[in-house]
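Model, not experiment: these values are computed from the prediction. Note that ligands are numbered from 1 as they come in the structure, with each ligand's atoms numbered from 1 the same way.
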Amino acid sequence: MRFARIFLLLLCAAFALELAAQSAADDTQLPALNRFQPDQVDKSIAPCADFYKFACGKWQAANPIPADQAAWSVASPLRLWNEMVLRETLEKAGPSNPARSAAEQKVGDYYAACMDEAGIEKTGVKALEAELARISGIKSKADIGGELAQMHQSLPGAWQGNDNQTGAPLFGFSGGQDLDDATLVVVQIDQGGLGMPSRDFYLKDDDRSKQLRAKYEEHVRKMFALAGESEAQARADADAVMAVEADLAKAQMDNVRRRDPKNLNNKMDLAQVKALTPSFDWAAYMAAVKSPATRHYIVSSPEYFRGLETALKEHPLEHWKAYLTWHLLHGSATYLSQGFVEENFDFFARTLAGTKEMLPRWRRCVRAADRDLGEALGEAYVQRAFPPASKERMVKLVHAVEKALGQDIDSLDWMTPETKKQAHVKLQAIEDRIGYPDKFRDYSSVLISSASYLGNVHQATAYEYQRQLEKVGKPVDRSEWLMTPPTINAYYNPQLNTINFPAGILQPPFFDAAQEESVNYGAIGMVIGHEITHGFDDQGRKFDAQGNLKDWWTAKDGEEYEKRGKCISDEYTQEVPEAGPEVKQNGLLTLGEDTADNGGLRIAFMALSNTLKEQGKSVDEPGPDGLTPRQRFFLGYANAWCGNQRPEIMRVIVLTNPHSLPKYRVNNVVSNMPEFQQAFSC
Ligand SMILES: [Zn+2]
């Protein structure tokens with residue numbers, strides 16, 4: 001994993017799920033964006049009883065989930081809008097344009113190769129012939145290291161573990177900031193190795209979990225058959241994959257323990273790394289990926305690598321060949337012919353997330369281009385979608401919310417002056433990043449042609465893998481962004497102490513230049529407050545102003561903080577009937593995000609009150625529509641979260657995602673605020 005602890009605002013897709021987006025019934029006209037409409041409320045519902053339903057019920061009823069979506073929200077038209085703008089750039093840069101620049105050639109040919117369904121179909125499974133042969137030629141377990149290096153450098157995200165422990169075959173291997181000294185970049189080694197979203201999917205024994213495992217095994221078997229294996233061989237190989245992945249799942253650190261960065265901060269030298277898993281050929285792996293000299297290694301979960309050693313010893317070579325073949329097929333599926341694309345969709349989107357139909361190909365190709373060459377597309381997007389006036393207004397909003405947090409810190413009766421002083425130091429040091437990076441990434445060394453989609457993905461992945469590793473031993477690049485400009489999301493980076501808002505989210509319904517202050521503070525102001533609060537949530541508070549994992553709290557203040565955190569985790573440890581009877585939200589998993597939601601809305605409201613006061617106005621003065629700014633603030637907040645989700649995807653989110661579902665992000669937060677109770681006379 002990247003140890004940079006990224007605290008996403010929105011529901012982040014841990015694996016390739018089509019989350020919020022709009023049906024493409026009409027994808028020739030830019031869609032109308034959802035904007036705040038005060039008359040959208042359902043007056044038959046009491047706002048104090050269910051504010052989410054009061055604000056969103058009418059929208060939910062009028063906006064059923066399209067067949068090609070697992071979820072559908074007020075942000076969905078924005079996502080389509082962003083993708084259509086990117087498509088224009090990609091099409092204009094296509095092979096038929098004789099005047100295109102070198103940068104345009106890359107994005108244009110990438111997109112053209114992806115859209116060439118006939119060519120991809122004609123090549124079929126031959127696209128993987130050489131790699132399949134290499135795996136089948138493996139003679140001993142010592143060869144696994146070299147093959148794994150090849151896979152990590154060619155399959156997108158395959159080098160990167162993450163909080164859901166999926167992504168990377170066997171493990172993740174990358175460069176990242178040291179936890180104790182944020183000025184250092186070192187090699188980090190993380191657990192990985194699973195095909196399903198998290199270890200729970202292998203270990204839970206309720207009926208739905210068992211049913212999903214059976215379906216997954218069937219999917220793995222079908223993928224082997226598509227690759228040309230006999231029925232009997234495909235069955236044996238699927239069995240082997242299930243057995244290996246179950247053993248890896250058992251060895252993994254769970255997602256709640258991973259939330260404490262201290263649990264991940266295990267420094268080792270090379271001899272210690274090798275001693276954890278002596279049966280794995282680390283020397284061959286590191287030589288193949290050109291691993292640079294590093295001060296030390298950080299191994300997120302040593303117990304996982306001990307478990308991997310046991311698994312390497314106990315499973316025969318044939319199991320490991322099946323495992324590697326499966327991850328090659330799995331990681332390549334969406335770049336191959338239709339049979340693979342359909343089968344991959346059938347399990348991961350249909351069975352797991354509840355989506356009925358596939359997105360149109362152009363949208364899948366735009367998303368892949370954004371992932372692989374995103375900053376080459378970002379400049380045109382910014383010019384089109386993010387005028388300087390929006391940036392100016394956003395800067396003002398950010399400053400107002402930061403100022404409000406300063407006042408909030410001063411007002412705490414339980415925190416000593418000593419800790420308050422340190423909190424202010426950290427707050428002052430937060431760097432605001434708005435819209436897009438100062439300098440866009442240079443992809444000139446990435447070879448892209450219109451001949452092979454899979455080949456282009458391999459090239460872009462190899463570039464990204466090396467770019468990450470080459471950071472090791474060099475000064476930290478503070479200007480780098482972890483999201484592309486059109487991304488509808490935001491993050492706080494505790495190791496750089498930055499808040500980051502891509503241009504993609506600075507659009508309606510989150511930021512709306514046509515709306516007055518109250519609605520913008522409720523929607524994007526809360527997003528700003530959420531990200532700033534991450535610097536002070538139960539994880540963020542463990543990092544100092546410079547991004548080092550260092551305790552700057554007095555012991556007593558730390559205890560008082562934890563007590564208040566427990567109130568939040570208790571409140572959010574709740575039944576979530578809409579996600580299925582056998583799952584329950586774990587408030588310890590969502591504590592950081594819930595803290596950010598509660599703190600974020602609170603300081604956004606303070607910022608609104610301050611702003612209106614400076615203008616000689618009050619939050620309780622009714623406007624022409626009869627609503628007060630206070631009411632519009634809370635309605636603007638709820639409106640930004642209106643959405644529908646299929647039960648299948650809700651279950652995955654509750655089990656794996658650190659964010660609460662939208663209904664609870666709204667209802668739990670407002671129920672904790674006297675400012676809200678005053679707005680609606682609760
Ligand atoms: Zn967050």
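- Side chains of Asn265 and Asp180: a donor on one and an acceptor on the other come within 3.5 Å.
- Nearest N/O/S atom of Glu593 relative to the Zn ion (ligand 1): this is OE1.
- For His530, the N, O or S atom closest to the Zn ion (ligand 1) goes by the atom name NE2.
- Formation of a donor-acceptor pair under 3.5 Å by the Asn500 side chain with backbone atoms of Tyr491 is found in this model.
- Atom NZ of Lys53 has 12 or fewer heavy atoms from other residues, nucleotides or ligands within 6.0 Å.
- Each of Gln539, Arg541, Glu593 was evaluated against His534; a single residue qualifies, Glu593, per the side-chain hydrogen bond (donor to acceptor under 3.5 Å, both in side chains) test.
- Among the atoms of His659, none of the N, O or S atoms falls under 2.8 Å from the Zn ion (ligand 1).
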